[in-house]
Protein chains: 2
Amino acid sequence: MAEPSMEEADGLVGGSNKVMGLGDRAYEDLKEKLVRGAYPPGHKITVRAVAEELGYGTTPARDALNRLVAERALVFSGPKTVVVPTLSLAELYEVTQMRLRLEGLAAEKGAIGAGSADIARLEAFQGEIDAALAEGRYADALWSNKEFHFHIYGRANMPMLLATIETLWLRVGAAFNDLYPEFAISKYGIQNHRAALEGLRHGDPQEVKAAIETDIRDGYRRLRQALSERAPKK
Amino acid sequence: MAEPSMEEADGLVGGSNKVMGLGDRAYEDLKEKLVRGAYPPGHKITVRAVAEELGYGTTPARDALNRLVAERALVFSGPKTVVVPTLSLAELYEVTQMRLRLEGLAAEKGAIGAGSADIARLEAFQGEIDAALAEGRYADALWSNKEFHFHIYGRANMPMLLATIETLWLRVGAAFNDLYPEFAISKYGIQNHRAALEGLRHGDPQEVKAAIETDIRDGYRRLRQALSERAPKK
DNA sequence: CTCCGAATTTTGTTGCAACAAAAATAGAAT
DNA sequence: ATTCTATTTTTGTTGCAACAAAATTCGGAG
């Protein structure tokens, strides 16, 4: 049973072979820290700081930064300053629109030919989400939520699509990690996931697609509200 | 009248400010060469060759290569070898599916609020396409075609979306440039563009979206056929 | 207390040499 | 001829120092 493995080398390895250099390692490390919310939005990230923090030289650190900037997981606030991004209302809307199309596509294609093994796996993820949520382990719930989504997307066998979706998740993850936990998942999310599972059981890709889209829309509403309630912050 | 400017610094500069270093220049140069078909698919690209060819040091050349690889405009054929990619049928299908969703979105949003100035501009682009086509200047036709599409997309004011679409165009452009000219545009394309213009005049975003999607689908069919007819090549 | 400008520190970039590893090449054996 | 192996060349990566430019700090003027 082949694991979709969203833990692969971030999408660069799309079936090709590439030696993992320090630069890629640094990229993975930094990405991990970003998505885990190690730095608050607005925090300045410098090449030398990353180099020392991760224990690599300045070249790999620079490579990682450049890559993250290209993916917009980090943004310039000045000619020479990169910071963890903040998502404006407009940007959140834009990312959501892209997610709807792209993840809708991935869900639809991924649903085709899904078997009971997939369903069992997804139910396991959902169980982890429920458990984590019940115990207040929001970070774990978020992680399992990601696994749930990407297990479906991964089945589509569309590496480019998957990589693009991942950058979108990284974009919102990095910007919202400071307030995400409380808002990210709720009974709505659970309900949408159950709907997706139903669609999988029925062998109806459109039903799965619709459920995922609703999930994205629900998340958008919550994020949007969180954003407007967020104090203008000194 | 603000120019949408698809000639901007490749999408990195999404409203932020960033100093253009040699690395970015090298990236632009290489990208240009790729989209112009300077290298045939399968051609090996090395850091030092690029450095000398473009007249930069090895560091900027390496930066450019890394970035192009991250965007999949260049791919690894071995642990240390990057080549101009070939698009498999599966990859062409994947790119097309993504283009349909993303460019459909961009067309729909870009159509909203389009005025007579936009229509005039688009008609001018179409005129250039017709003229170039009539005279056999396929490269120019391709260029004007790109301008036509991106003028609409640019109106949507969605920088992330636009950057993503551009990488998709680069991906197929680099892989197909050797046989693209004869197949890229035909009376179908013209007809689709006219339909898009009609939608713009009616102020009907859905009509524009449908026209663009048909355009993408027509192009896909032609490319697909060209791909299967392509000799297995020694 | 605020604002502005000069001095100082920090920071990204670039070229380069050294190194390890991969790719190309040449040759030998079957 | 073909395949496999050894040798040679090519190639990407990395660390580092120097440099120009930007960010920050600090004072002083209003």
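Naming: A, B, ... by sequence-line order, numbering from 1 per chain. Atoms considered below: every heavy atom in the structure, side chains included; atoms not considered: hydrogens, waters and symmetry mates.
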Is the distance from OP1 or OP2 of C:dA23 to the nearest side-chain N or O of B:Thr81 less than 4.0 Å? yes
C:dT14, C:dA22, D:dG15: which one has an atom nearest the side-chain heavy atoms of B:Leu22? C:dT14
What is the distance, to the nearest angstrom, from the CD1 atom on A:Ile45 to the C1' atom on D:dA23? 16 Å
Rounded to the nearest angstrom, tell me the gap between atom OH in A:Tyr27 and atom P in D:dT13. 16 Å
Answer yes or no: is there an ion pair linking B:Arg221 with B:Asp218, defined by an N-O contact shorter than 4.0 Å? yes
Can you check the A:Arg62 CZ to C:dC16 C1' distance for me, whole Å? 14 Å
Testing C:dT14, C:dT13, D:dT11 for proximity to the side chain of B:Asp63, the answer is C:dT14
Determine, for B:Arg171 against B:Glu91, whether the closest basic-nitrogen to carboxylate-oxygen distance falls under 4.0 angstrom. yes
Return the value, rounded to whole Å, for the distance between atom CD of A:Glu53 and atom P of C:dT11. 13 Å
Provide, to the nearest angstrom, the distance between the CG atom belonging to A:Leu54 and the P atom belonging to D:dT14. 13 Å
D:dT24 phosphate, OP1 or OP2, under 4.0 Å from A:Lys44 side-chain N/O: yes
Between B:Glu94 and A:Met158, the two heavy atoms sitting closest are OE2-C, 2.8 Å
Does the Lys NZ or Arg CZ of B:Arg137 fall within the cation-pi geometry relative to B:Trp143 - under 6.0 Å from the ring centre and within 45° of the axis? no
Counting just side-chain N and O atoms, does B:Thr59 come under 4.0 Å of either OP1 or OP2 of C:dT13? no
Whole-Å gap separating P (C:dT13) and CZ (A:Phe76): 6 Å
Taking atom P of C:dA21 as reference, at what distance in whole Å does atom CE of A:Met20 sit? 17 Å
Roughly, in whole Å, what's the span from CD in A:Glu52 to P in C:dT11? 11 Å
Between B:Glu32 and B:Arg36, does any NZ, NE, NH1 or NH2 come within less than 4.0 Å of an OD or OE carboxylate oxygen? yes
5'-most contact on DNA chain C: B:Lys80 or A:Ala49, nearest heavy atom basis? A:Ala49
B:Arg48 side chain near D:dT10 phosphate (N/O to OP1/OP2, under 4.0 Å): no
